[in-house]
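In what follows, a single structure is set out as structure tokens and then discussed.
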Amino acid sequence: MAEPFDVKSTLNLPQTAFAMKAKLTQKEPELLKKWKETGLYGRILRKHAADPTFVLHDGPPYANGTIHLGTAMNKILKDFIVKSRTMQGRLAPYVPGWDCHGLPIEIHVDKLLGDRKKDMSIIEIREECRAYALKYVDIQRSDFIRLGVFGEWDDPYLTMAPGYEAGVLRHLAAFFAAGNVFKGKRPVHWCPTCRTALAEAEIIYKDKTSPSIYVKFPMATDLGAKIPELRGRRASVIIWTTTPWTLPANLAIAFHPEHEYAAFESGEDVYIVAKTLVPKIAGMLGIRDPKILATILGRDLEGLKARHPWIDRDSLFVLADYVTLDDGTGCVHTAPGHGLEDYQTGRAYGLDIYAPVDDEGRFTPDVARYAGMSVFKANRLINDDMRRDGALLEEGEISHSYPHCWRCKNPVIFRATAQWFISMDEGGLRQRTLDEIRRVRWIPAWGEERMAGMMESRPDWCISRQRSWGVPIPAFACRACGEILANEATTLHVADIFAAEGSNAWFVRGAEDLLPSGTRCPKCGGTAFEKEHNILDVWFESGASHGILGHRPDLPWPADVYIEGHDQHRGWFNSSIVIGVEAKGASPYRTCITHGFILDAKGRAMSKSAGNVIEPRTIIAQNGAEILRLWTAMLNYKEDAPFGDEILQRVVEAYRKIRNTWRFLLGNLSDFNPDRDSVPASEMDGLDRWALAASAEVGAKVLRGYEEFEYHTVFHALYNFFTVDLSAFYLDILKDRMYCSGKASRLRRSGQTAMFRILKDTLRLMAPILPFTAEEAWEVMPAFRGKEQSVHLEAFPAIGGDVILGEAEKSEWRALIALRERVLKELESARERKTIGNSLEAQVTLRVPPADRPLLDKHRAGLASLFIVSAVVLADGEGEGVGIAVAKAPGGKCVRCWNYSTHVGTSVDHPNLCARCEAVVRDLGR
RNA sequence: GGAGGCGUGCCAGAGUGGUCGAUUGGAGCCAACUUAUAAUUGGUAGCGAGUGCUGAUACCACCCGCCGCAGGUUCAAAUCCUGCCGCCUCCGCCA
């Protein structure tokens, strides 16, 4: 006989507007719009106005191209930091920035302009660069906003803004004040055709045929003192080179300190080369069985000298680690003005950085015989002359990869030119920076070692570039005597002009107009000057970005945190700390965090040429930004992370689980008024108290994770809690109580109270990671006293309070949960035996040994619901452990709650209901 | 060439000296439910060698080895040390 009404209508089934299907791609833009309209970001800052500050200073991405996954991850991590610190009660403003100057933009604009560039002024070209940079600032800005990153997007810092440019020069002035800036020579790639210096990005490597020659340098020092066997012999060192034209600039020969060198006989002559290369060289000279007269370690040759093959000059024997035995003779021709390693070695030995070659690649008058001759043409002649003099031992050709100019495609040369430097050791800058590095907190810890290693080995900082798109180095030359004028005062003066007019002023104004009035040459007293045309290395510009701090009370200097990819140990972290130390005497960051790179699904770096690049826009368009954020939270960002479809699907799965759990909580709270219906913890059902205690434990772990910037532990802790504790255990058990108990019964309200508190806590704990979903849920969550309009205006929950369980209670629950697992296994085998289907068809009999009796008696009433069965019978057992038996539950199935009960069929009014349901239905007046 | 990082089951990813052959999730297989329903729940489940059982290289039981490989420290190692191999990132780039 059926009930005279629809039983289902008497149940309290879940109800919520929070959809199962997220439709993130639609929902996220709606929330962004709403946040913008309600001025959420400003409200957050105002709410925390009186709180202690926390400054994450943004490393400026380069304003060129669209963002890639790595950029997205970086911004998301920054947002985790800012949002979580905010919810921890800090005033944490976030000012994003962009790096706008520099070569890549200049090259792109160059290509865009093509031939038109010839007719344009430098100002016009710079305006094109500015427009180009602004375009990409806009594009990237909207991408970052789309990710849900909160910040001052309307007022970012741009390195090309006049105020910023002035700040850069003021930092430069600090180096002038310290006496650390000097002008020196340094080899750069130089295109003789285009008559310009080239950056690495403007070099293309192509195969080129070059001469390959072996040249002997006769000893100037008598080796007899060191090697008695060679007393009185005519000894020479043999070098190998592919650039004969650099021989006029030869000042040294480099040996490896650890390699063994040998002197072998060739008729009257004795030649010195690396011992292992003797057979090769001797064979080349036609000596069948070379006689080795003596050997000597490279380091013992240091300081000796050889004669230049034709110039009246000695060549110093120096030591260098980069000398290899793969090619040549192990004795390396060294011209400090024509090679980077040669340059470094030359500086180490105090040699002249000698490069007697002019802008067009011709020898200067300094070089006898070849003056005015193009260096490539001179190769032939030099070889001929040396052959005639007997200096050339062997001549051939070699095809090798050689740098060429990207524009004219001609081979380039390496040539020392005048450049501006910051000395790392003059004034102890390197050491002071190293000291500061020790004071910074590095995450991960190995960052310190890496950073210190780089700082120890970095050469003097070459800060000048022969380019247009950047901040000019304000240096002048006296027209009368050529004296260079650049110091703290002139730099600060130009900084003031830039602050008002921007760095274009350098190109618009005359030299005298850029100097304080009445400036005279300190050397000759002249009053006429000309401007130099160098711009600053962009790393100096971005490294000075901490200059935006310290001008607003909410943005003090130094920053609490810098966080970028680990490539920035050499880049931004490096230049920032050097500038911070010189200008402010300290590191501009207290904590420095690095993250890994994003690789493709196979673990390879993403690159356009490999065709494995995944655009964040694609992910967002298909899955929503929330998925990208969750992925970022799941991974241990300290390591490089693979990314691909399969991985993405897993993230989507995890998202669904979290979303559905929140949805279930919301669904069961539709009739719950927290302020009116909450049950005090002391009166709550035991299981609910357990759930709150578990939630508190997770909460503590999550807060620790945020504190330590460990977002994957945040995610794992919450996700585990959702799947294991809530979904598979607590909420599963709670269903019967929620659906079937009287709406306002104490038991149901107790469960609702726990669910509400868990929902409220987890939404807030998850808000920094899932700002959209947490907000969406927050909006539909029951209102309560003090509820903020947005979850992002809330603080993290205080953990603990009234729900911590004692150790005794905890171990009781551990025992019950362990017993439950065993019961579930027994139920499964009963299911396999077809004894039962649904677990509610079962009655479980526990044979309880005396030792376990107190525990089970205490929880007797809750056991059936704990196991989700219809009945539990306790019987006396023996020995160790509780025995478990499963049988078909007696009685009939209650059509309302599906529990089996002997009460079913006994009631006249409600013969299909169990006692509990009959009572509930009666209360409803049915 | 230099610096740094990483290597755990089919996959992802926990685990930093015993309670770990190893948490959790995904995929797989089996099942329940239709009251979170394009949802929820339970169970099962690594690889290799050996012994027993057997008609059987199947199932089951037992046992041994395996957390990149090889050693070492220790009463005890996925966890510490050394070497090797592999992968990745950054920097340099050759006279």
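Proteins get letters first, then strands, A, B, ... in listed order; numbering begins at 1 in each.
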### Message
Going by purine N1 to pyrimidine N3 plus the second Watson-Crick contact, or the G-U wobble pair, all under 3.5 Å, which nucleotide sits opposite U79(B)?
### Response
none

### Message
Base, sugar-phosphate or nothing for Arg656(A)? Non-hydrogen atoms, less than 4.0 Å.
### Response
nothing

### Message
Rounding to an integer number of angstrom, what distance separates G9(B) and C47(B) when you compare their P atoms?
### Response
13 Å

### Task
Using a 4.0 Å heavy-atom cut-off across all strands, classify Asn636(A) as base, sugar-phosphate, or nothing.
sugar-phosphate

### Query
Using 4.0 Å as the upper bound for N to carboxylate O, is an ion pair formed by Glu776(A) and Arg659(A)?
yes

### Query
Given atom CD1 of Ile627(A) and atom P of A12(B), what is their separation to the nearest angstrom?
20 Å

### Message
For a quick check of understanding: with a heavy-atom distance under 4.0 Å over all strands, which category does Asn660(A) fall into, base, sugar-phosphate or nothing?
### Response
base

### Query
Mind checking the C1' distance from A14(B) to A78(B)? Whole angstroms is fine.
12 Å

### Query
Within the structure shown, what part of the strands sits under 4.0 Å from Trp446(A) by heavy-atom distance: base, sugar-phosphate, or nothing?
sugar-phosphate

### Query
Listed by chain and number, what are the ring pair (Phe, Tyr, Trp, His ring centres under 6.0 Å) partners of Tyr62(A), not counting sequence neighbours?
none

### Interatomic distance, His712(A) NE2 vs U24(B) C1' [rounded to whole Å]
14 Å

### Task
Please check the phosphate of U41(B) (OP1 and OP2 only) for any side-chain N or O of Lys657(A) closer than 4.0 Å.
yes

### Message
If we count only N and O atoms by modelled type, under 3.5 Å, do the side chains of Lys888(A) and Thr835(A) hold a donor and an acceptor together?
### Response
no

### Message
Work out how far the P atom of G15(B) is from that of C84(B), and round it to whole angstrom.
### Response
28 Å

### Query
If the C1' atom of A58(B) is compared with that of U73(B), how far apart are they to the nearest Å?
45 Å

### Task
Taking the six-membered ring for Trp and the single ring otherwise, decide whether the centroids of His566(A) and Phe597(A) are under 6.0 Å apart.
yes

### Task
To the nearest Å, give me how far apart CG (Leu840(A)) and C1' (U40(B)) are.
14 Å

### Query
Which one is paired to A27(B), where only Watson-Crick or G-U wobble pairs with both distances under 3.5 angstrom count?
none

### Query
If we take the C1' atom in both A70(B) and A77(B), what is their distance in whole Å?
15 Å

### Query
Under 4.0 Å between a side-chain N or O of Tyr402(A) and OP1 or OP2 of C94(B)?
no

### Summary
The Watson-Crick or G-U wobble partner of A95(B), with both key distances under 3.5 Å, is none

### Message
Run Leu392(A) and Tyr214(A) through side-chain contact (heavy atoms from CB on, under 4.5 Å) and show every step you take.
### Response
CA-CA 6 Å; Leu392(A) 188 70; Tyr214(A) 290 81; over 6 Å; no

### Task
Have a look at Arg570(A) and say if it touches a base, only the backbone sugar-phosphate, or nothing, with a 4.0 Å heavy-atom cut-off.
sugar-phosphate

### Query
For the side chain of Asp732(A), counting heavy atoms from C-beta on, which of U40(B), G26(B), A36(B) is nearest?
U40(B)

### Query
Is Arg186(A) salt-bridged to Asp460(A), going by a charged N under 4.0 Å from an acidic O?
no

### Query
Should Glu653(A) and Arg650(A) count as an ion pair when the cut-off is N to O under 4.0 Å?
no

### Message
Nearest whole Å is fine: how far is A95(B) P from Phe255(A) CZ?
### Response
18 Å

### Query
Within a radius of less than 6.0 Å around CD of Gln15(A), do more than 12 heavy atoms belonging to other residues, nucleotides or ligands occur?
no

### Length of the line joining Ile868(A):CD1 and A32(B):P, which is rounded to integer Å
17 Å

### Query
With both distances under 3.5 angstrom, what nucleotide forms a Watson-Crick or G-U wobble pair with U89(B)?
A3(B)

### Query
Taking the nucleotide of RNA chain B with the closest heavy atom to each, which residue, Gly837(A) or Met634(A), is nearer the 5' end?
Met634(A)

### Message
Say we look at C29(B) and A45(B): how far apart would their C1' atoms be, to the nearest angstrom?
### Response
8 Å

### Task
Classify the ring geometry between His189(A) and Phe414(A) as parallel (under 30°), tilted (30 to 60°) or perpendicular (over 60°).
perpendicular

### Task
Starting from P on G26(B), measure out to OH on Tyr655(A) and report it in whole angstrom.
18 Å

### Task
Kindly point out which of G43(B), U41(B), A31(B) is positioned nearest to the side chain of Leu824(A)?
G43(B)

### Pairing nucleotide - A58(B), Watson-Crick or G-U, each distance under 3.5 Å
none

### Message
Does Ser727(A) contact A36(B) through a side-chain donor or acceptor facing the base, at a distance under 3.5 Å?
### Response
yes

### Task
Please determine, by modelled atom types, if Lys8(A) and Thr10(A) share a side-chain donor-acceptor pair under 3.5 angstrom.
no

### Query
Just how far, in rounded Å, is C1' of C94(B) from CZ of Phe414(A)?
11 Å

### Summary
Quick note, Phe597(A) side chain, CB onward, closest among C33(B), U89(B), G43(B) is U89(B)

### Query
On RNA chain B, nearest-nucleotide positions of His566(A) versus Lys21(A): which is more 5'?
Lys21(A)

### Message
Counting distance alone, no hydrogens or angles: does the base of G42(B) have a donor or acceptor under 3.5 Å from a partner atom on the side chain of Glu828(A)?
### Response
yes

### Query
Looking only at atom P, what distance separates G7(B) and C69(B), rounded to whole Å?
13 Å

### Task
Return the value, rounded to whole Å, for the distance between atom CD1 of Ile733(A) and atom C1' of U40(B).
14 Å

### From A95(B), G42(B), C11(B), nucleotide with atom closest to Ala728(A) side chain
G42(B)

### Query
Which part of the nucleic acid, if any, lies within contact of Cys897(A), taking any heavy atom under 4.0 Å across all strands shown: a base, the sugar-phosphate backbone alone, or nothing?
base

### Message
In the structure I gave you, are the side-chain heavy atoms of Ile758(A) and Leu726(A) within less than 4.5 Å of one another anywhere?
### Response
yes

#### Entry: Whole-angstrom distance between U24(B) and C81(B), as gauged at atom C1'
31 Å

#### Entry: Those residues of residues 333-343 of chain A lying under 4.0 Å from RNA chain B by at least one heavy atom
His333(A), Leu340(A)

### Task
Among the candidates A32(B), A36(B), G4(B), find the nucleotide nearest to the side-chain atoms of Arg831(A).
A32(B)

### Query
Is any side-chain nitrogen or oxygen of Arg663(A) closer than 4.0 Å to OP1 or OP2 of U37(B)?
yes

### Pro14(A) side-chain proximity, nearest of A36(B), G4(B), G25(B)
A36(B)

